**Student:** 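Handing you this structure, nothing more for now.
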Amino acid sequence: MSSYDVAVIGSGPGGYVAAIRCAQLGMKTAIIEKYSTLGGTCLNVGCIPSKALLDSSHHYIDAVKHFEEHGIEVPGEIKINLEKMIGRKQSVVDQTTKGINFLMDKNKIDVFEGVGSFKDATNITITKKDGKAEVIEAKNTIIATGSKPSTLPFIKLDKERIITSTEALELKEVPKHMLVIGGGVIGLELGQVYKRLGAEVTVIEYMDRIIPGMDGALSKELTKVLKKQKVKFALSHKVKSVERKGDEVVVKADNKKGEEITFTGDYCLVAVGRHAYTDGLNLEAAGVKMEERGRIAVNDHLQTNVSNIYAIGDVIKGAMLAHKAEEEGTLVAEILAGQKPHIDYNLIPGVVYTWPEVAAVGKTEEQLKESGIEYKSGQFPMRALGRSRASGDIDGFVKILADKKTDEVLGVHMIGARVADLIAEGVTAMEFRASAEDISRMSHAHPTYAEAVKEAALAATEDRALHI
Ligand code: FAD
Ligand code: NAD
């Protein structure tokens with residue numbers, strides 16, 4: 001029987017990064033993945049394929065809507081070849097997942113294909129597709145088994161017309177009318193893909209605003225821009241039934257007044273969140289305890305109640321984000337090596353890859369108000385930037401929230417072109433506990449979208465933005 005210093009169960013961004021860091025720190029490491037490709041949700045059916053489709057559909061809508069104003073004339077009709085677009089997405093996924101195999105080889109990590117389940121706290125059975133099983137011994141185990149899409153109790157996902165994000169990445173046709181249940185990250189990103197490709201899209205959201213966890217000003221601006229793109233919204237609607245009738249899907253929901261509203265489309269994307277995935281792990285055999293909502297309970301060191309078993313990523317509490325899972329993978333590896341790493345969860349940024357993109361780090365205005373922290377706010381609109389006018393991406397703004405007395409940056413909230421990349425400046429500033437004035441005194445290249453960060457910082461410090 002092979003024995004290891006560490007076995008990692010699950011090869012998503014949490015698991016594979018944990019394995020690499022363990023190997024870098026000199027531990028003999030194994031990774032167990034039930035699927036034949038490594039990379040987990042993120043690389044196979046999450047971050048990477050969704051961004052590939054967002055990019056392809058962005059090119060398409062630019063060609064259809066914006067080329068002309070730039071003086072680019074395309075002879076003949078611009079058409080979509082959906083099969084080719086989905087095929088390209090798959091080749092991006094294939095290249096990326098193969099990259100993980102390369103990294104496993106490079107770091108001398110043993111890869112086992114099969115379902116990992118605990119025999120006891122130090123032995124793991126790996127059951128392959130053909131039913132054959134082998135057992136490995138591990139001094140320490142890191143559980144990184146991720147999450148699966150959630151649904152509502154009355155919905156029967158047929159995975160053809162009533163679908164989750166996984167099927168939405170593989171459609172064979174552009175829907176005529178896609179009903180999207182949930183105005184969160186998945187609903188808006190994938191909704192926008194199909195809107196650009198020509199579908200009518202209606203987002204049905206339970207709360208009174210989309211992206212409800214983010215700063216209210218971002219929700220408002222994104223709603224405004226998406227409405228301009230003709231996405232329809234039914235906010236404060238409680239979905240109560242979803243039924244397939246032939247090639248149609250009928251969704252019934254109660255609005256704020258309690259009236260029943262019926263929506264009819266040909267596809268329904270259910271995007272109401274994801275839940276921790278622990279099926280098949282046989283946690284009882286190791287004595288690992290769960291907390292509410294099926295997640296694995298961990299302490300501040302991401303250690304379960306069983307001292308040699310840790311858990312990271314979507315399977316534990318916190319934001320379900322690839323970069324959060326990665327930080328946790330690194331943290332556990334370093335703890336096992338005797339180091340004292342730390343994660344500041346307040347500084348994990350959140351991004352929505354619609355266009356305009358939405359990005360944020362730190363506290364929202366709502367959170368600051370709720371906790372009674374006195375703050376000041378500086379905001380700068382993208383439309384006042386030369387760079388935005390040059391590219392035509394004039395929607396959005398950057399908002400910086402700073403402590404009223406000390407000027408320390410407490411939150412950075414952005415919507416606009418390339419803010420998914422710009423948010424790194426906010427994270428860096430906050431990591432070094434910068435004041436808004438610190439940011440405002442740093443030179444920002446001209447013309448860039450990043451100038452909006454400097455201007456918002458000027459506005460927050462002394463209400464003296466230069467270009468507005
Ligand atoms: P996962 O990536 O879910 O990986 C878990 C792995 O464990 C899987 O491969 C699974 O097969 C394997 N596994 C499970 N049980 C066993 C077992 N018993 N034995 C062996 N293997 C097992 N996040 C972002 O930060 N940015 C984005 O842009 C983004 N876009 C997304 C788009 C979509 C459509 C979706 C669905 C998610 C997106 N996410 C994004 C979220 C991101 O994918 C997850 O937060 C991230 O993948 C979590 O990583 P993880 O390592 O915890 O788990
Ligand atoms: P989410 O939590 O972002 O959004 C779910 C939405 O559904 C919420 O707005 C919620 O109010 C709404 N909702 C819940 N129940 C409902 C009901 N009964 N009727 C109508 N609306 C309802 O979840 P998601 O969009 O499914 O994404 C799942 C996870 O994947 C998220 O945690 C997210 O962090 C991650 N993800 C991240 C990215 C990214 O980082 N860009 C992209 C995709 C997914």
Side-chain angles (χ1 to χ4, degrees), residues 8-18 31-35 37-51 53-54 97 112-118 124-127 143-155 164-166 168-169 180-190 203-214 219 234-240 242 251 253 269-283 311-316 318-326 328-329 348-354 357-359 420:
V8 181
I9 310 181
S11 72
Y16 84 74
V17 167
I31 191 162
I32 306 161
E33 171 55 56
K34 70 177 189 174
Y35 291 121
T37 54
L38 303 179
T41 305
C42 177
L43 273 62
N44 289 282
V45 290
C47 326
I48 301 302
S50 59
K51 267 80 257 179
L53 290 184
L54 277 157
T97 57
F112 292 88
E113 185 183 333
V115 175
S117 64
F118 287 98
I124 301 165
T125 307
I126 302 163
T127 310
I143 303 170
T145 49
S147 63
K148 291 279 177 205
S150 294
T151 181
L152 301 172
F154 48 83
I155 295 181
T164 69
S165 56
T166 304
L169 296 166
V180 177
I181 305 183
V185 205
I186 291 182
L188 298 179
E189 289 184 0
L190 293 177
V203 176
I204 308 161
E205 165 61 49
Y206 177 72
M207 306 289 279
D208 60 0
R209 62 179 176 104
I210 57 169
I211 46 169
M214 297 186 94
S219 298
L235 303 177
S236 304
H237 276 62
K238 187 168 189 253
V239 173
K240 53 185 194 185
V242 177
V251 173
L269 168 61
V270 180
V272 293
R274 295 176 61 87
H275 62 272
Y277 182 71
T278 56
D279 290 7
L281 275 174
N282 199 21
L283 290 171
I312 59 172
D314 282 10
V315 80
I316 62 167
M320 288 184 163
L321 294 172
H323 43 287
K324 178 254 191 191
E326 290 186 27
E328 292 181 337
I348 304 276
V351 173
V352 189
Y353 293 83
T354 46
E357 292 175 338
V358 185

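Atoms within a ligand are numbered from 1 in the order they appear, just like the ligands themselves. Along the sequence shown, the residues carry numbers beginning at 1. As the structure is a prediction and not an experimental result, all values here were calculated from the model.
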**Student:** Can you list the atoms of ligand 2 that are under 4.0 Å from a heavy atom of Ala271?
**Tutor:** 5 (C), 6 (C), 7 (O), 26 (O)
**Student:** Checking a contact table here: which protein heavy atom is nearest atom 44 (C) of ligand 1, and how many Å away?
**Tutor:** Asp314 OD2, 3.3 Å
**Student:** Any non-hydrogen atom of Gly280 lying under 4.0 Å from ligand 1?
**Tutor:** no
**Student:** Is the closest heavy-atom distance from Ala319 to ligand 2 below 4.0 Å?
**Tutor:** no
**Student:** Give me the residue, atom name and distance of the protein heavy atom closest to atom 30 (O) of ligand 2.
**Tutor:** Arg274 CD, 3.7 Å
**Student:** Heavy-atom contacts under 4.0 Å between Val45 and ligand 1: side chain, backbone, both, or neither?
**Tutor:** backbone
**Student:** Is the shortest heavy-atom distance from the side chain of Thr97 to the side chain of Leu38 under 4.5 Å?
**Tutor:** no
**Student:** Among all the protein's non-hydrogen atoms, which is closest to atom 17 (C) of ligand 2, and how far away is it?
**Tutor:** Tyr206 CB, 3.9 Å
**Student:** Under 3.5 Å between some N or O of ligand 1 and some N or O of Leu281?
**Tutor:** no
**Student:** Under 4.0 Å from a heavy atom of Gly182: give me the atoms of ligand 2 that qualify, with their elements.
**Tutor:** 6 (C), 7 (O), 12 (C), 21 (N)
**Student:** If I apply the N/O under 3.5 Å rule, does His237 come out as touching ligand 2?
**Tutor:** no
**Student:** With only distance considered, is Glu33 within less than 3.5 Å of ligand 1 through an N or O on each side?
**Tutor:** yes
**Student:** Report yes if some N/O of Tyr353 lies less than 3.5 Å from some N/O of ligand 2; otherwise report no.
**Tutor:** no
**Student:** My understanding is that we take every heavy atom of each candidate and find the minimum distance to atom 36 (N) of ligand 2. Doing that for Val270, Val352, Val185, which one comes out nearest?
**Tutor:** Val185
**Student:** Measure from atom 41 (C) of ligand 1 to every heavy atom in Met320, Glu113, Glu189, Glu326 and give the option owning the shortest one.
**Tutor:** Met320
**Student:** Between Lys238 and ligand 2, which part of the residue brings a heavy atom under 4.0 Å of the ligand: side chain, backbone, both or neither?
**Tutor:** neither
**Student:** What I want to know is whether Tyr277 and ligand 1 share at least one N or O pair that is separated by under 3.5 angstrom.
**Tutor:** no
**Student:** Heavy-atom contacts under 4.0 Å between Leu152 and ligand 2: side chain, backbone, both, or neither?
**Tutor:** side chain
**Student:** From atom 15 (N) of ligand 1, work out which of Thr97, Thr145, Ile32, Val8 has a heavy atom at the shortest distance.
**Tutor:** Thr145
**Student:** So is there a nitrogen or oxygen of Leu321 less than 3.5 Å from a nitrogen or oxygen in ligand 1?
**Tutor:** yes
**Student:** Is it the side chain (CB and beyond), the backbone, both or neither of Ile211 that lies under 4.0 Å from ligand 2, heavy atoms counted?
**Tutor:** neither
**Student:** Would Ala322 count as being in polar contact with ligand 1, using the rule that some N or O on each side must be under 3.5 angstrom apart?
**Tutor:** yes
**Student:** Using a 4.0 Å heavy-atom cut-off, which part of Thr278 comes near ligand 1: side chain, backbone, both, or neither?
**Tutor:** neither
**Student:** Does any part of the side chain of Phe118, heavy atoms only, come nearer than 4.5 Å to the side chain of Ile124, both counted from C-beta?
**Tutor:** yes
**Student:** Checking contacts here: is it the side chain or the backbone of Ser147 that comes within 4.0 Å of ligand 1, counting heavy atoms only? Could be both or neither.
**Tutor:** backbone
**Student:** Name the option, out of Ala144, Gly10, Gly14, that contains the heavy atom nearest to atom 5 (C) of ligand 1.
**Tutor:** Ala144
**Student:** Return the residue, atom name and 0.1 Å-rounded distance of the protein heavy atom closest to atom 26 (O) of ligand 2.
**Tutor:** Gly273 N, 2.8 Å
**Student:** Please report which non-hydrogen protein atom sits nearest to atom 26 (N) of ligand 1, along with the residue it belongs to and the distance in Å to one decimal place.
**Tutor:** Cys47 SG, 3.8 Å
**Student:** Tell me which one of Val272, Val351, Ile186 gets a heavy atom nearest to atom 13 (N) of ligand 2.
**Tutor:** Val272
**Student:** Hey, does Pro49 sit under 4.0 Å from ligand 1 if you only count heavy atoms?
**Tutor:** no
**Student:** Is there a polar contact, in the sense of an N or O pair closer than 3.5 Å, between Arg274 and ligand 1?
**Tutor:** no
**Student:** Among all protein heavy atoms, pick the one closest to atom 2 (O) of ligand 1 and tell me residue, atom and distance.
**Tutor:** Thr41 N, 3.0 Å
**Student:** Report the part of Lys51 in contact with ligand 1, treating N, CA, C, O as backbone and CB onward as side chain, heavy atoms under 4.0 Å; options are side chain, backbone, both, neither.
**Tutor:** side chain
**Student:** May I ask which of Met207, Glu205, Glu357 has a heavy atom nearer to atom 10 (C) of ligand 2 than the others do?
**Tutor:** Glu205
